[in-house]
Amino acid sequence: MFKEKTIVYTSGTFDMFHYNHLRMINYARSLADILIVGVSTDELVSSYKSKPVIPFNERLQIIEALKTPDIVIPQHTLDHSEIAKKLNIDAFVVGDDWFGKYDYLKDLNVQVFYFPYGTGVSSSNLKKTIHDSYEQSLKEQQQAKPTSVKGIND
């Protein structure tokens, strides 16, 4: 039934969904007859970096709301060997910040594409910008001198 279809898998945390996430998913879609998108669970993400800001179920629903994926599934592991076998994946697309880490899939006849995010927006950069802005706001509040209220100390 699917012998002539190209099945592409892409995955990510998709925390604080942004333009580069969309670009990567759209790139994966351009390669696919059937596009499967994996969304990393909070437990998986917490095993290698800080817990996502957006909870797993919400991130999953955001990806499901896109028109590009055919199927959206939870991702419980960074080892994609089993999913490649079970879902007959022909290609895997991931951000180039993971360059080289999924080359083992080539041994399973899965083409691996490392999508170049380039510079610009990333969830980590968004979190840092929000944090830095908040820190600056706190400093400014602490440095502001209270104004006197007429009549209190007159």
Side-chain angles (χ1 to χ4, degrees), residues 1-139 141:
M1 180 174 182
F2 296 110
K3 291 184 192 231
E4 310 244 347
K5 303 283 185 184
T6 300
I7 302 173
V8 176
Y9 180 66
T10 189
S11 65
T13 303
F14 304 116
D15 196 18
M16 300 179 73
F17 192 80
H18 55 74
Y19 177 67
N20 276 334
H21 290 144
L22 185 61
R23 286 179 56 228
M24 184 182 76
I25 291 171
N26 285 343
Y27 175 74
R29 169 85 268 167
S30 75
L31 302 173
D33 293 312
I34 299 171
L35 177 61
I36 303 169
V37 179
V39 179
S40 298
T41 63
D42 291 343
E43 295 78 17
L44 173 60
V45 177
S46 296
S47 73
Y48 64 91
K49 66 180 183 178
S50 61
K51 184 178 176 182
V53 173
I54 309 298
F56 169 72
N57 284 331
E58 292 178 25
R59 291 182 286 113
L60 189 74
Q61 288 177 38
I62 289 167
I63 302 304
E64 287 175 336
L66 298 175
K67 65 180 180 180
T68 45
D70 295 300
I71 302 167
V72 179
I73 60 174
Q75 176 174 274
H76 298 283
T77 178
L78 293 177
D79 183 346
H80 299 326
S81 300
E82 286 304 309
I83 204 156
K85 292 174 191 171
K86 288 180 181 178
L87 297 177
N88 297 311
I89 304 299
D90 296 301
F92 175 61
V93 176
V94 68
D96 64 357
D97 51 334
W98 292 88
F99 188 80
K101 293 193 168 93
Y102 290 99
D103 287 350
Y104 66 89
L105 291 172
K106 294 174 185 177
D107 294 337
L108 299 172
N109 294 318
V110 174
Q111 288 186 282
V112 179
F113 297 88
Y114 294 100
F115 183 76
Y117 279 141
T119 58
V121 69
S122 73
S123 296
S124 297
N125 288 345
L126 285 172
K127 289 175 190 176
K128 182 172 178 3
T129 299
I130 291 167
H131 177 268
D132 291 352
S133 176
Y134 179 70
E135 288 288 318
Q136 183 61 36
S137 176
L138 286 178
K139 284 180 187 176
Q141 286 176 12

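It should be emphasised that the depicted structure is a prediction, and the values quoted were computed from it without experimental measurement. Basis for what follows: all heavy atoms, side chains included, without hydrogens, waters or symmetry-related copies.
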Pair Thr10-Met24, side chain to side chain contact (heavy atoms under 4.5 Å, CB included): steps then yes or no: CA-CA 8 Å; Thr10 189; Met24 184 182 76; 3.3 Å; yes

Salt bridge flag under 4.0 Å for residues Asp96 and Lys101: no

Salt bridge (charged side-chain N to carboxylate O under 4.0 Å, His left out) between Lys51 and Asp15, intermediate numbers included: CA-CA 10 Å; Lys51 184 178 176 182; Asp15 196 18; over 6 Å; no

Asn20 and Arg23: CA distance, side-chain angles, deciding distance, side-chain hydrogen bond (donor to acceptor under 3.5 Å, both in side chains) verdict: CA-CA 5 Å; Asn20 276 334; Arg23 286 179 56 228; 2.7 Å; yes

Ile89/Ile36 under side chain to side chain contact (heavy atoms under 4.5 Å, CB included): CA gap, chis, key distance, verdict: CA-CA 9 Å; Ile89 304 299; Ile36 303 169; 4.1 Å; yes

Smallest separation among heavy atoms of Val112 and Tyr102, with atom names: CG2-O, 3.4 Å

Heavy-atom pair of closest approach, residues Val45 and Ser50: CG1-O, 3.6 Å

CD1 on Ile34 to CG on Asn88, rounded to 0.5 Å: 10.0 Å

From Leu44 atom CG to His76 atom NE2, the distance as rounded to the nearest 0.5 Å: 9.0 Å

Closest non-hydrogen atom pair, Ile25 against Leu35: O-CD2, 3.9 Å

Tyr114 to Gly95 - nearest heavy-atom pair and separation: CD2-O, 4.1 Å

Phe99 atom CZ, neighbour heavy-atom count above 12 within 6.0 Å: no

Intermediate values then yes/no, side chain to side chain contact (heavy atoms under 4.5 Å, CB included), Asp90 and Leu31: CA-CA 10 Å; Asp90 296 301; Leu31 302 173; over 6 Å; no

Nearest-0.5 Å distance, CD of residue Glu58 to CD of residue Gln61: 7.0 Å

Ile54 vs Phe17, side chain to side chain contact (heavy atoms under 4.5 Å, CB included): CA-CA, chis, key distance, verdict: CA-CA 9 Å; Ile54 309 298; Phe17 192 80; over 6 Å; no

Within-4.5 Å side-chain heavy-atom neighbours: Glu43 and Phe56: no

Interatomic distance, Ile73 atom CD1 to Glu64 atom CD [nearest 0.5 angstrom]: 11.5 Å

Euclidean distance, Thr13 OG1 relative to Arg59 CZ, rounded to 0.5 Å: 6.0 Å

Separation between OG of Ser11 and CD1 of Ile83, rounded to the nearest 0.5 Å: 8.0 Å

Side-chain H-bond candidate by donor/acceptor type, Asp79 with Ser81, under 3.5 Å: yes

Plane angle bin for Tyr9 and Phe92 - parallel if under 30°, tilted between 30 and 60°, otherwise perpendicular: parallel

Whether Phe14 and His21 hold their rings parallel, tilted or perpendicular, with breakpoints at 30° and 60°: perpendicular

Shortest non-hydrogen contact between Ile7 and Leu87, atoms and distance: CD1-O, 3.6 Å

Minimum-distance pair of heavy atoms, taken over all atoms of Phe113 and Ala91: CE1-CB, 3.8 Å

